[in-house]
Amino acid sequence: MSTTASDPLATLGSLPGVPDAVDSVRKAVDQVYGHRVMRRRSNEVTAEAALRGSRGSAALAGADWNLEEVRRRTDFSGEDEARTVGAALRLTAEAGQLLSIWRQSPLRVLARLHLVAAGGAAPDDAVGRPRLAGEPVDEPLIEAPLPGADEVAGRLEGLSQLIIAGTAAPALVTAAVVHGELLALRPFGSHNGLVARTAERIVLIGSGLDPKSICPAEVGHAEQGRAAYVAAFEGYTTGTPEGLAAWIAHCGRSVELGVRESTAVCEALQRGAA
């Protein structure tokens, strides 16, 4: 991620293919927001999108449960997969409470997200803070080289300053960069993927692109598959224009698939079948 321009995020919006991805996402989002069900039953669509988004994020973290199992289960304190699903559900519920803080103190929000995700599953002194030198990271899906603690601290601060300063970049671009940067840094000892995808959700909601949180990108990330997710992320880590554009486009497609999911929910509600 270049930091030489006054608004480096905005410069990414002009990469080849990115304007088309941004336009496609905006049209898809506008279409689902215009659905007649959204006029009276948007809260139901939001709740269903939250459930399905949580399931998708957990699937990418290794707990690929079917939706009905997530819906049915009440105890998530057992095996590793159950704890992962529980963490994803807690993060989705927490995201809406942190919108007003994000633009003023993104690092505080990230610390809170990790605290919520860990839920007592990590040593107390390691929860809610960036990892220190020599501390391990449990993130089996992401095998990219792990930045050192000093680099993590510097890049987190740089990302935070970009968010606080504001940007003219489209919401999709900002959300994709926040997501990709957190995956690349893996700043916490655990749950980095879940936190990164929740941060992406916060950007999409807080930017005004998806204010009712009915377009769960996590659904699309999961639907495209873990291999495609990792391949697109590896493009991000190269820092090349092509790699960055491919990652942004992948995130855009994920939002569109989330839109498709919520459109199906709207149609089911309209038929009285959901």
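The figures here come from the full heavy-atom set of this structure, side chains too, leaving out hydrogens, waters and symmetry mates.
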Do Leu257 and Arg253 touch side chain to side chain, with heavy atoms closer than 4.5 Å?
yes

Flag the pair Leu172 / Val203 as yes when at least one side-chain heavy-atom distance between them is below 4.5 Å, and no otherwise.
no

With a 4.5 Å cut-off on side-chain heavy atoms, are Leu146 and Arg186 touching?
yes

Do the ring planes of His221 and Trp247 sit parallel (below 30°), tilted (30 to 60°) or perpendicular (above 60°)?
parallel

With a 4.5 Å cut-off on side-chain heavy atoms, are Ile163 and Val178 touching?
yes

Is it true that a side-chain atom of Thr92 and a backbone atom of Ala88 form a donor plus acceptor pair closer than 3.5 Å?
yes

Considering only NZ, NE, NH1 and NH2 on the basic side and carboxylate oxygens on the acidic side, decide whether Arg72 and Glu69 come within less than 4.0 Å.
yes

Identify the heavy atoms of Phe76 and Val70 that sit nearest to each other, and give their distance.
CZ-O, 4.0 Å

Can a side-chain donor-acceptor contact be found between Ser254 and Gln224 if the only test is distance below 3.5 angstrom?
yes

Provide the closest heavy-atom pair for Ala171 versus Ser207 in the form atom of the first, atom of the second, distance.
CB-OG, 3.0 Å

Taking atom types as modelled, find out whether Asp138 and Ser190 have a side-chain donor-acceptor pair closer than 3.5 angstrom.
no

Assess whether a salt bridge exists between Asp30 and Arg26, defined as any Lys/Arg side-chain N lying under 4.0 Å from an Asp/Glu carboxylate O.
yes

If I compare all heavy atoms of Ala111 with all of Gly128, which pair ends up nearest, and what's the gap?
CB-O, 3.1 Å

For a 4.5 angstrom cut-off between non-hydrogen side-chain atoms, does Arg71 reach Leu51?
yes

Is the shortest heavy-atom distance from the side chain of Val177 to the side chain of Tyr236 under 4.5 Å?
yes

Assess the residue pair Glu256 and Lys27 against the criterion (salt bridge (charged side-chain N to carboxylate O under 4.0 Å, His left out)); give the C-alpha distance rounded to whole Å, side-chain angles, the decisive distance to 0.1 Å, and a yes or no.
CA-CA 9 Å; Glu256 291 185 64; Lys27 289 176 183 176; over 6 Å; no

Is the closest basic N to carboxylate O distance between Arg155 and Glu151 below 4.0 Å?
yes

Tyr229 and side chain to side chain donor-acceptor pair (under 3.5 Å): which partner among Glu234, His250, Arg197?
Arg197

Out of Arg52, Arg55, Arg260, which residue meets the salt bridge (Lys or Arg N to Asp or Glu O under 4.0 Å) rule with Glu223?
Arg260

Shortest non-hydrogen pair, Arg41 vs Leu269, comes out as NH1-O, 3.2 Å

Verify side chain to side chain contact (heavy atoms under 4.5 Å, CB included) between Arg131 and Val152, making sure each step is shown before the conclusion.
CA-CA 8 Å; Arg131 55 187 167 82; Val152 168; 3.3 Å; yes

Taking Val37 as the starting point, is it possible to reach Val29 by hopping between hydrophobic residues whose side chains are less than 4.5 Å apart?
yes

Transitively linked via ILVMFWY side-chain contacts under 4.5 Å: Leu15 with Phe233?
yes

Should Leu194 and Ile205 be regarded as members of a common hydrophobic cluster, given that ILVMFWY residues are connected when their side-chain heavy atoms come within less than 4.5 Å of each other, either directly or indirectly?
yes

Distance alone, cut at 3.5 Å: any donor-acceptor contact between the side chains of Arg201 and Ser213?
yes

For residues Val85 and Leu60: do they belong to one hydrophobic cluster (side chain heavy atoms under 4.5 Å, members Ile, Leu, Val, Met, Phe, Trp, Tyr)?
no

So do Met38 and Val45 actually touch side chain to side chain, heavy atoms under 4.5 Å?
yes

Considering all heavy atoms of both residues, which atom of Pro106 and which atom of Gln104 are nearest to each other, and what is their separation?
CD-C, 3.8 Å

